[in-house]
Protein chains: 2
Amino acid sequence: MVEMLTIGSLGRKTGTKVQTIRYYEQIGLMPTAERTEGGQRRYVNADLDRLSFIRHSRQLGFGLDAIRELLDLGDHPNRSCEEADTIARRHLWQVEQRLARLKALRTELKRMVQECSGGRSAECRVLEVLRDHSECLTQHDEIGV
Amino acid sequence: MVEMLTIGSLGRKTGTKVQTIRYYEQIGLMPTAERTEGGQRRYVNADLDRLSFIRHSRQLGFGLDAIRELLDLGDHPNRSCEEADTIARRHLWQVEQRLARLKALRTELKRMVQECSGGRSAECRVLEVLRDHSECLTQHDEIGV
DNA sequence: CTTGAACCTTCAGTGGCTAGAGGTTGTATC
DNA sequence: GATACAACCTCTAGCCACTGAAGGTTCAAG
């Protein structure tokens, strides 16, 4: 007989909240779990592996759609590695874009707070800079980082 | 007589979508706009300034709650600059945290794609690393960058 | 007076969960 | 066998900061 895991122990082993596991099942990222007679989910080791993969990918910043593709590739050992590589490279590129924007942001913010000398808000450099884009060194046209 | 701006021209001047302006009004970030007899919104220059401030703050990554506080400080010139400074410093700190995590992520991703030699997915390093956390140099416990 | 672009409201959806209400099951202990 | 109670279940709604679309109305130019 196979030892089965409850959703709670699966969560503990992978650092995942129970609701999140159920959510992954709902969106088809995790398979439909087997159930006890009473209707509680039971998992096997393959499920643990899959969830670990998902979680680790999430920690590395992959989106759920990318993870779906990666899982699919993992399920087909004979398919080319190229697709996984493409997904990873694309993600890396996105991370680098964000890094660049965040760095520009940091520069601007640092300058802002350094210039603030702490008087009345009427003379506040922070507020001035926010009011007047032309005070900025970079364009930062995009929003949300 | 005062010249009035339509929501569309306000949007064009500030690089904001019309729906976004209405959304800002809805959540109380922009004041309730005056209306024509037919019910269309009309804006004055003060509104333009306020929206510019909001948008610029968003470009610098401030959240809407922080922006609300900053706007409030701007409306009260005699209040201390300290609060604005605190908000900006807090935000800077958050940006630095994110930068650090993104950098660790980039390192890991780079290593991953560099090791991929492009064979069958069964031997794919990308998938292997995702399967096995112990292959990673950093802990990256947190999710979502 | 007609055209049509720009406006209006309302609702739903994005990503990736997370929280809560209100009810049921599983297991350990007596 | 009874009881207690932690852990499970479903369902709904909320988070952030918008964005899109449906279906209808108004404004300004010609």
Side-chain angles (χ1 to χ4, degrees), chain A residues 3-30 32-43 47 51 53-71 91 94-95 98 141-145, chain B residues 3-30 32-43 47 51 53-71 91 94-95 98 141-145:
Chain A
E3 281 172 50
M4 304 287 264
L5 295 163
T6 64
I7 195 169
S9 55
L10 189 64
R12 253 168 275 126
K13 277 175 197 289
T14 56
T16 316
K17 301 216 166 159
V18 165
Q19 297 103 302
T20 305
I21 301 175
R22 289 199 279 247
Y23 169 71
Y24 287 160
E25 179 181 318
Q26 195 189 313
I27 62 169
L29 205 58
M30 286 292 285
T32 311
E34 283 189 51
R35 303 280 184 135
T36 61
E37 286 196 10
Q40 298 196 357
R41 291 172 180 80
R42 287 298 116 103
Y43 295 93
D47 299 317
L51 185 54
F53 185 100
I54 295 171
R55 285 270 107 186
H56 192 203
S57 305
R58 286 292 297 128
Q59 284 168 352
L60 286 168
F62 287 94
L64 295 186
D65 280 347
I67 295 174
R68 216 185 287 272
E69 293 184 65
L70 291 167
L71 280 166
H91 181 48
Q94 285 165 355
V95 166
R98 283 210 278 164
D141 291 329
E142 302 184 51
I143 257 174
V145 187
Chain B
E3 279 170 50
M4 304 287 264
L5 296 163
T6 64
I7 195 169
S9 55
L10 188 63
R12 254 168 276 127
K13 277 175 198 284
T14 56
T16 315
K17 302 216 165 157
V18 165
Q19 298 102 301
T20 305
I21 302 175
R22 290 199 279 248
Y23 168 71
Y24 287 162
E25 179 180 318
Q26 196 189 311
I27 61 167
L29 205 57
M30 285 292 285
T32 311
E34 283 188 52
R35 303 281 185 136
T36 61
E37 285 196 10
Q40 297 196 356
R41 291 172 179 81
R42 288 297 118 102
Y43 295 94
D47 298 318
L51 184 54
F53 184 100
I54 294 171
R55 285 269 109 186
H56 192 204
S57 305
R58 286 294 296 129
Q59 284 169 351
L60 288 168
F62 287 94
L64 295 186
D65 279 347
I67 296 175
R68 215 184 286 272
E69 293 183 66
L70 290 167
L71 279 167
H91 181 47
Q94 285 166 355
V95 166
R98 282 213 278 166
D141 291 330
E142 302 184 52
I143 256 173
V145 186

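Since the model is a prediction, treat every value here as computed from it, not as a measurement.
In this structure, A:I27 reaches neither bases nor backbone, as no heavy-atom distance under 4.0 Å exists between it and the strands shown. Residue-level contact check: A:R68 touches neither bases nor backbone, having no heavy atom under 4.0 Å from any strand. Across all strands shown, B:R12 has no heavy atoms under 4.0 Å from either base or sugar-phosphate atoms. A:Y24 comes within 4.0 angstrom of the backbone, heavy atoms only, and of no base. Residue contacts for B:R41: at a heavy-atom cut-off of 4.0 Å it reaches the sugar-phosphate backbone alone, with no base atom in range.
Contact annotation: A:R22 does not reach the phosphate of D:dT12 (side-chain N/O to OP1 or OP2, under 4.0 Å). OP1 or OP2 of C:dC7 lies within a sub-4.0 Å distance of a side-chain N or O belonging to B:T6. For the OP1/OP2 pair of C:dC17 and a distance below 4.0 Å, the side-chain nitrogens and oxygens of A:R58 include at least one atom meeting the criterion. For C:dG15, the OP1/OP2 oxygens have no side-chain nitrogen or oxygen of A:Y23 closer than 4.0 Å. Between D:dT26 and B:R42, no contact under 4.0 Å exists linking OP1 or OP2 to a side-chain N or O. Distances shown here put every side-chain N or O of A:T20 at or beyond 4.0 Å from the OP1 or OP2 atom of C:dG16. In terms of phosphate contacts, B:T36 brings a side-chain nitrogen or oxygen within less than 4.0 Å of OP1 or OP2 of D:dC27. At D:dG20, one or more side-chain N or O atoms of B:K17 fall inside 4.0 Å of OP1 or OP2 (strictly under the cut-off).
Distance alone, capped at 3.5 Å, places no donor-acceptor pair between the A:H91 side chain and the A:A66 backbone.
By the 4.5 Å heavy-atom criterion applied to side chains, A:T6 and A:Q40 are not counted as neighbours.
Both B:G39 and A:G39 lie near DNA chain D, and the one whose nearest nucleotide falls closer to the 5' end is A:G39. In terms of position along DNA chain C, the nucleotide closest to A:Q19 lies nearer the 5' end than the nucleotide closest to the other residue of the pair A:Q19 and A:E37. Comparing A:I7 and B:L64 by the nucleotide of DNA chain D that holds the closest heavy atom to each, the one mapping nearer the 5' end is A:I7.
Straight-line distance from the CD atom of A:E25 to the P atom of D:dC11: 12 Å, rounded to whole Å. D:dC8 atom C1' lies 12 Å from atom CD1 of A:I21, rounded to whole Å. The distance between atom CD1 of A:I67 and atom P of C:dG15, rounded to the nearest whole Å, is 13 Å. Atom C1' of nucleotide C:dA12 and atom CD of B:Q26 are separated by 13 Å, given to the nearest angstrom. Rounded to a whole Å, the CD atom of B:Q40 is 18 Å from the P atom of D:dG24. One atom, CD1 of B:I54, and another, C1' of D:dC16, lie 16 Å apart when rounded to the nearest Å. At whole-Å resolution of the value, CG in A:L51 and P in C:dC17 are 10 Å apart. Atom CG of B:L29 is separated from atom P of D:dC16 by 13 Å (rounded to the nearest Å).
From A:R55, atom CZ reaches atom OH of A:Y24 across 3.5 Å, with rounding to the nearest 0.5 Å. Here the straight-line distance linking atom CZ of A:R41 with atom CG of A:L5 works out to 14.5 Å at 0.5 Å rounding. One finds the CG atom of A:L10 at 7.0 Å from the CG atom of A:D47 (value rounded to the nearest 0.5 Å).
Remark: A:Q94 CD is packed, more than 12 non-hydrogen atoms of other residues, nucleotides or ligands lying under 6.0 Å away.
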